[in-house]
Amino acid sequence: AEQGHTGAQNAAASAYSSGQGVDKNDEEALRWWRRAAEKKSAEAEFNIGYAYLTGEGVAADPVEALAWMTRAAGQGYADAQYMLARFYTEGLGTAPDPRRAIDWLESAAGKNHAPAMMMLGDAYLDGLGVAPSKTEAYYWYARAAELDAAYAEERDLLRAEITPRDVIEIQRRLMSR
């Protein structure tokens with residue numbers, strides 16, 4: 001880590017953040033994440049943003065959290081893209097912007113991020129930033145359930161609310177990806 005290896009810097013930061021193998025020290029974790037972020041580590045940028053969101057090692061600051069998450073998301077970091085969607089959905093550090101939230105969810109879902117797929121399904125179910133569509137909600141719930149069985153319940157509950165023809169069409173879409 002001292003020699004500037006970003007992987008080692010992120011590992012040191014994670015160890016200090018969790019207290020694994022060293023005494024837990026959020027300030028020291030941030031110091032290492034900042035060093036990795038200087039080298040454009042998306043993982044470090046995400047973790048700094050999360051620290052500002054939660055107030056771990058720094059004063060909570062949703063605007064600063066948004067800035068760091070945006071940097072990480074811009075590098076394609078799926079966890080940051082998902083978190084940005086939550087920022088824009090909930091109005092954390094910015095005005096709510098459901099359409100921007102959808103854009104970030106689609107980016108994260110394109111990287112097989114199951115929580116983003118679930119949130120995208122929720123958006124379609126509720127018509128948040130998109131036209132409401134139970135079939136699209138089902139599609140995204142089904143995609144998430146393929147990655148994590150814990151998401152199958154939502155998919156299965158919604159299945160009773162769409163037509164058998166829609167279920168077959170969605171199965172075709174899932175198989176043709």
Side-chain angles (χ1 to χ4, degrees), residues 6-7 9-11 13-14 17-18 29 33 36-37 39-54 56 62-159 162 166-167 169-177:
T6 56
Q9 290 169 335
N10 280 314
S14 293
S17 177
S18 67
W33 277 322
K39 295 182 183 79
K40 308 290 187 231
S41 166
E43 177 185 352
E45 292 167 348
F46 168 82
N47 283 307
I48 293 168
Y50 196 80
Y52 276 107
L53 178 64
T54 61
E56 294 176 23
V63 174
E64 189 70 13
L66 176 73
W68 283 102
M69 288 293 175
T70 300
R71 288 172 63 174
Q75 292 192 63
Y77 198 72
D79 286 338
Q81 292 171 334
Y82 167 72
M83 288 302 294
L84 270 184
R86 294 189 56 197
F87 278 66
Y88 286 112
T89 298
E90 300 168 23
L92 296 171
T94 186
D97 187 339
R99 187 59 237 165
R100 265 181 117 167
I102 294 299
D103 291 342
W104 286 115
L105 287 173
E106 288 173 345
S107 292
K111 295 172 182 68
N112 290 327
H113 193 279
M117 291 175 184
M118 285 302 296
M119 195 170 169
L120 200 48
D122 291 343
Y124 275 104
L125 194 60
D126 299 333
L128 183 66
V130 292
S133 170
K134 288 183 180 179
T135 56
E136 276 304 299
Y138 180 83
Y139 171 77
W140 287 109
Y141 289 164
R143 292 263 325 260
E146 286 179 341
L147 298 171
D148 186 339
Y151 296 124
E153 183 177 355
E154 285 87 349
R155 176 203 61 202
D156 295 344
L157 289 171
L158 190 54
R159 185 178 186 151
I162 61 176
D166 287 336
V167 172
E169 180 55 35
I170 290 166
Q171 293 303 322
R172 284 188 186 129
R173 279 177 67 192
L174 291 169
M175 289 187 302
S176 68
R177 291 183 293 103

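Numbering starts at 1 and runs along the sequence shown.
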Candidate pair L92 and L66, rule side-chain contact (heavy atoms from CB on, under 4.5 Å), full reasoning: CA-CA 8 Å; L92 296 171; L66 176 73; over 6 Å; no
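- Shortest non-hydrogen contact noted between W104 and G74 is CH2-N, 4.3 Å.
- Within a 6.0 Å radius of OH in Y124, other residues, nucleotides and ligands contribute more than 12 heavy atoms.
- Taking each heavy atom of A65 and G49 in turn, the nearest pair found is CB-O, 3.2 Å.
- Taking A116 as the reference, Y82, L105, A108, H113 meet the side chain to side chain contact (heavy atoms under 4.5 Å, CB included) condition, with sequence neighbours excluded.
- Evaluation of the salt bridge (Lys or Arg N to Asp or Glu O under 4.0 Å) test over residues 143-153, restricted to residues two or more places apart or in two chains, returns E146-R177.
- Not counting sequence neighbours, E56 has no partner by the salt bridge (Lys or Arg N to Asp or Glu O under 4.0 Å) test.
- Panel note: side chain Q75, backbone K40; a donor-acceptor pair is recorded below 3.5 Å.
- Under a cut-off of 6.0 angstrom, the local environment of NZ in K39 is crowded, with over 12 non-hydrogen atoms contributed by other residues, nucleotides or ligands.
- Shown here for A80 and A73, the closest heavy-atom pair between the two residues is CB-N, 3.5 Å.
- Scored by the side-chain hydrogen bond (donor to acceptor under 3.5 Å, both in side chains) test, Q171 finds no partners at all (sequence neighbours excluded).
- With a 4.5 Å cut-off on side-chain heavy atoms, Y151 and P115 count as touching.
- With sequence neighbours excluded, no residue forms a ring pair (Phe, Tyr, Trp, His ring centres under 6.0 Å) with Y138.
- Under the rule for a side-chain hydrogen bond (donor to acceptor under 3.5 Å, both in side chains), the partners of E136 that lie at least two apart in sequence or sit in another chain are R173.
- Partners of L125 by side chain to side chain contact (heavy atoms under 4.5 Å, CB included), not counting sequence neighbours, listed by chain and number: K134, A137, Y141, L158.
- With a 4.5 Å cut-off on side-chain heavy atoms, R99 and V130 count as touching.
- The CE atom of M83 sits 11.5 Å away from the OG1 atom of T70 when rounded to the nearest 0.5 Å.
- For R71, the side chain to side chain contact (heavy atoms under 4.5 Å, CB included) partners at least two apart in sequence or on another chain are E45, W68.
- Here the straight-line distance linking atom OG1 of T89 with atom CD1 of I102 works out to 7.0 Å at 0.5 Å rounding.
- Listed by chain and number, the residues in a salt bridge (Lys or Arg N to Asp or Glu O under 4.0 Å) with E43 amount to none (sequence neighbours excluded).
- Distance CG/L128 to CG/L120: 10.5 Å, rounded to 0.5 Å.
- Atom CG of D79 is separated from atom CG of N47 by 9.0 Å, given to the nearest 0.5 angstrom.
- When every heavy atom of G93 is checked against every heavy atom of P62, the shortest pair comes out as N-CB, 3.6 Å.
- Every residue was checked against the side-chain hydrogen bond (donor to acceptor under 3.5 Å, both in side chains) condition with S17, not counting sequence neighbours, and none meets it.
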Derivation and outcome, side-chain contact (heavy atoms from CB on, under 4.5 Å), residues F46 and M69: CA-CA 5 Å; F46 168 82; M69 288 293 175; 3.4 Å; yes
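- Annotation: side chain of Y139 is not in contact with side chain of T135 (no heavy-atom distance under 4.5 Å).
- Residues meeting the side chain to side chain contact (heavy atoms under 4.5 Å, CB included) test with R172, sequence neighbours left out: I168, E169.
- The salt bridge (Lys or Arg N to Asp or Glu O under 4.0 Å) contacts involving residues 111-127 comprise nothing, where partners must be two or more places apart or lie in separate chains.
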